[in-house]
Number of protein chains: 2
Amino acid sequence: MTSDSPSLTPGQLLARGVARHLRDRDFMCLEEFSPERGKRVDVMAMGPRGEVWIVECKSSRADFASDCKWQGYLEWSDRYFWAVDAAFPVDLLPPDTGLILADPFGADIVRMPEATPLAPARRKALTLRFARAAAMRLQVLRDPMSIA
Amino acid sequence: MTSDSPSLTPGQLLARGVARHLRDRDFMCLEEFSPERGKRVDVMAMGPRGEVWIVECKSSRADFASDCKWQGYLEWSDRYFWAVDAAFPVDLLPPDTGLILADPFGADIVRMPEATPLAPARRKALTLRFARAAAMRLQVLRDPMSIA
């Protein structure tokens, strides 16, 4: 899709654009993050006051239609968003969820959902899990021999 | 010092060995982390239950002697360690601090210090700061264009 990212899927390219935009909003993102065993979200973002946002990236109607897990993610975030490209039929999406229009290079929040704050214990556990996952991935990139 | 890391300083090579060892202990590390504005520690490690360890890496007696800041780090960790190589005169180090013998490829904890647990509010703030810093660095490495 772009010359600098031959190996990213359409969904991962949307996630990249989402992460760029969210960082501009001071939310730091981790892609393909597992909030608990058996769950994996496309983007988890951590705000300056510990806000937790989840963004699922859908590259097509079929991609959305085949997702039977998303409602299970609502309870793992303060706000839940879909990220889609300009061609996506957005009327398919539940109106009380967030909506982000994205491309590989950026994104915009079109609809901000109501916040449903996490319980403190879950926020604490998620933040720690996010912290450790991000640090571990960073180490793998910076010091690949560390996992040899 | 090693062919695969021409640009790392002696202290950074110790930090790399420390991070490798701590990960084996299920502690995830972030190097050159700032727990608050104006402070920067060589290694901050986050354990599975949110334990916070700080490791300062000293490559020589002079490096240790010139450090007038380390006592300010004690209050930012549950346990504080020095990491030094086998040639370092360890008798210089305060006996109630932790001691790690390290080289660029690994490390061992020689002396485990007593834990002085952080207050919950500080642990919470540190964990969030660590999480966001790690995610931001990861994004810079994975998507360098994001900061262009």
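Lettering follows sequence order; numbering is per chain, from 1. Values reported hereafter were calculated over all heavy atoms of this structure, with side chains retained and with hydrogens, waters and symmetry mates removed.
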Residue among A45(A), A19(A), G106(A) with most heavy-atom pairs under 4.5 Å to chain B = A19(A)
Is there a path from L118(A) to F130(A) through hydrophobic residues (I, L, V, M, F, W, Y) whose side chains come within less than 4.5 Å of each other?
-> yes
Transitively linked via ILVMFWY side-chain contacts under 4.5 Å: V84(A) with V43(A)?
-> no
Indicate the atoms forming the closest heavy-atom contact of A131(B) with A134(A), along with that distance.
-> O-CB, 4.4 Å
Tell me, for D24(A) versus chain B, whether the close heavy atoms (under 4.5 Å) come from the side chain, the backbone, both or neither.
-> neither
Heavy-atom check, side chain of R20(A) versus side chain of Q139(B), under 4.5 Å | yes
Cluster check V18(B), L99(B): I/L/V/M/F/W/Y, side chain < 4.5 angstrom | no
Which bit of R49(B) comes within less than 4.5 Å of chain A, counting heavy atoms only: side chain, backbone, both or neither?
-> backbone
N/O donor-acceptor pair under 3.5 Å between R23(B) side chain and S146(A) backbone = yes
Do the side chains of R142(B) and R16(A) get nearer than 4.5 Å, heavy atoms only?
-> no
So which of M28(A), R137(A), R123(A), E31(A) has the biggest tally of heavy-atom pairs under 4.5 Å with chain B?
-> M28(A)
Any link between F27(A) and L126(A) through a network of hydrophobic side chains (Ile, Leu, Val, Met, Phe, Trp, Tyr) touching at under 4.5 Å?
-> no
Does the side chain of R132(B) reach to within under 4.5 Å of the side chain of P48(A), using non-hydrogen atoms?
-> yes
Closest heavy-atom pair, C29(A) versus A135(B), reported as atoms and distance to 0.1 Å, is O-CB, 3.7 Å
Heavy atoms only: give me the nearest G47(B)-L128(A) pair and the separation to one decimal.
-> O-CD1, 3.9 Å
Given the rule that I, L, V, M, F, W and Y join up when any side-chain heavy atoms are under 4.5 Å apart, are V52(A) and I100(A) in one cluster?
-> no
In terms of heavy-atom contacts, does NZ of K39(A) have more than 12 from other residues, nucleotides or ligands at under 6.0 Å?
-> yes
